[in-house]
Amino acid sequence: MNSRQLTIVGRIGVIIFIIGFAIILVSLVPNVAIGTFSSSESSNFRHEVTNYYLLSYQMGMRIEIESNYPLFVQFLNISSSEIYDWVVGQYPDIDEFMLHSKMFDTEVIEQFLVTHPGRILSNITTAGSQRIDYFPDKITNVTATIKNPLGPQGYANIRVTMISAIISEDRVFIPSITLMIIGSPPALLWIIKNKNRFQFREMQFLEKVKK
Amino acid sequence: MTVLCHKGGMIEMPKKRAFMEVLAISLSEDCRFPVLEFFTFLYVVATIFFSNMNFGSGSVVLFQFIKTDEALTFSIIKGLTGFPIFFLLLLITKNIAFGLGNDLERGTMQTFLSYPLTRRMLLTAKLVSSVGVEILLFLGIQVCVLYIMAPYLVSMYVPTIILAYVAALCFPLFITGVALLLSLVLKKGSWGLMISIIMQFAMQILTTIASYLNTASSEIIVKISSVINPIIALDRYYMSSPQHFVQEYFFENNIWSPSFSEAIYYIGAGYVLVLFIFLVAYFYFERRLEI
């Protein structure tokens, strides 16, 4: 490989490395909570359905759980209008108040899932107190159900918040590291081969600064 | 074809080799370490920060009203290209103004003319170095970052993404053409750089004002702006789709909203204009420019 070829390959390597490094750096900016949307505390916690949100890969849902029992959290792809229409179809005679309470009933959601399979986005079993940050893969409607598998017992304090992330760290970590690994060898080779030139430039720069 | 070598003798140099030689010299000047690396970092950070998806809960509210996936994809690409294109334009105009402009100003161009190349080929080598490489880098980074953030969009809506980028790049190319022409005519890079930056800001301000005024004259301004910057026409097409809330809430029904084929015509017209400016620049460099 001649000098020019090495320069081209080396510079491409540096650029690939910088892309990975910049993405990692941006992903380190912490997620920002956008208000607390619901908070509930119960000494005999059984189940709960969160509100219906439209989320994206940069707009997520944070569920903070304080509990002395493991809880079962399920993220579902259901929109509020969809569940509303379905509840109206199933219970045509109920009033508006009951209709809204049905929309947030875990058993109703389970019935909905029987007729609408493939809506489960993620299942998580918490180890007592835990914070879950969930970002869907695409822009989609999301709700979450939190259940106590042991039935109505035990203390639970649940806070649901919408969070905004510049870029989700979980999503970008592996691709960014891969880019950095791909870019490193040619970049290092080029830097080592041009070590003297860089030192010379550095000396020139320092001399200019002194003057 | 022979050329004088640095030791005083004559050496054989085929045209292709001479072209590559000029390209390599220009690249080492335009993409000097660490300029390209610095702009790569800026592109990545700006692409992520200024994407449409980053405007907090407002973006989610907006997405609720964009019913078609194509419109959503376009909206995201438009957000992605917004601010990073300004950096691209800075890099390109810097290369044109301080690369080509200074070559003319200081007489370095005469050295390049000693290569066995036609003037047309020489200018092409210069443009590939100062514009082509930068656009490739910009597109590569944008698509790479978009794929990492939203892989399903890149894999599902390729034609919409290509169309959005084609429309988005027309205006920077137009400004580049103007900067090139000015640098050639004035033989000074700084003027070209200054005027192109002023033009960009003027264009942005004019288009924004015209977009919010709903009068017959503002419609003409928007149409003329759409020829120079066809992303406006494409934006109007996607915004004017009946499902889009922007049309419903902000614009009255009589606002100009092109059909898809009209938007394509505007993109075509924009590129014809760009081609014309570049042809004039080539003609001037080949026939009229005295070095």
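All values reported here derive from a predicted model rather than from experimental measurement.
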Does atom [atom1] of [X] have more than 12 heavy-atom neighbours, drawn from other residues, nucleotides or ligands, at distances under 6.0 Å?
X        : atom1 : value
A/Lys138 : NZ    : no
A/Leu28  : CG    : yes
A/Tyr91  : OH    : yes

Nearest 0.5 Å please: distance from the [atom1] atom of [X] over to the [atom2] atom of [Y].
X        : Y       : atom1 : atom2 : answer
A/Arg4   : B/Met20 : CZ    : CE    : 9.0 Å
A/Thr7   : B/Phe33 : OG1   : CZ    : 11.5 Å
B/Leu137 : A/Ile15 : CG    : CD1   : 5.0 Å

Atom group of [X] that falls short of 4.5 Å from chain B, counting heavy atoms:
X        : result
A/Val172 : both
A/Asp137 : backbone
A/Ile163 : neither

Give, as side chain, backbone, both or neither, the part of B/Cys31 having an atom under 4.5 angstrom from any heavy atom of chain A.
both
What part of B/Leu27 gets within 4.5 angstrom of chain A, counting heavy atoms only: side chain, backbone, both, or neither?
neither
Where do [X] and [Y] come nearest, in terms of heavy atoms and distance?
X        : Y       : value
A/Val14  : B/Glu37 : CG1-CG, 3.3 Å
B/Met149 : A/Gln58 : SD-NE2, 3.7 Å
B/Ile76  : A/Tyr57 : CD1-OH, 3.8 Å

When heavy-atom pairs shorter than 4.5 Å are enumerated against chain A, which of B/Tyr147, B/Tyr152, B/Phe41 gives the highest number?
B/Tyr152
With side chains defined as the heavy atoms from C-beta onward, is the minimum distance between B/Cys144 and A/Leu179 less than 4.5 Å?
yes
Start with the C-alpha distance between A/Ile18 and B/Val44, add both sets of side-chain angles, then the distance that settles side chain to side chain contact (heavy atoms under 4.5 Å, CB included), and finish with yes or no.
CA-CA 9 Å; A/Ile18 286 175; B/Val44 176; 5.9 Å; no
Would A/Val26 and B/Phe49 satisfy side chain to side chain contact (heavy atoms under 4.5 Å, CB included), going step by step from the backbone distance to the final call?
CA-CA 8 Å; A/Val26 174; B/Phe49 267 101; 4.1 Å; yes
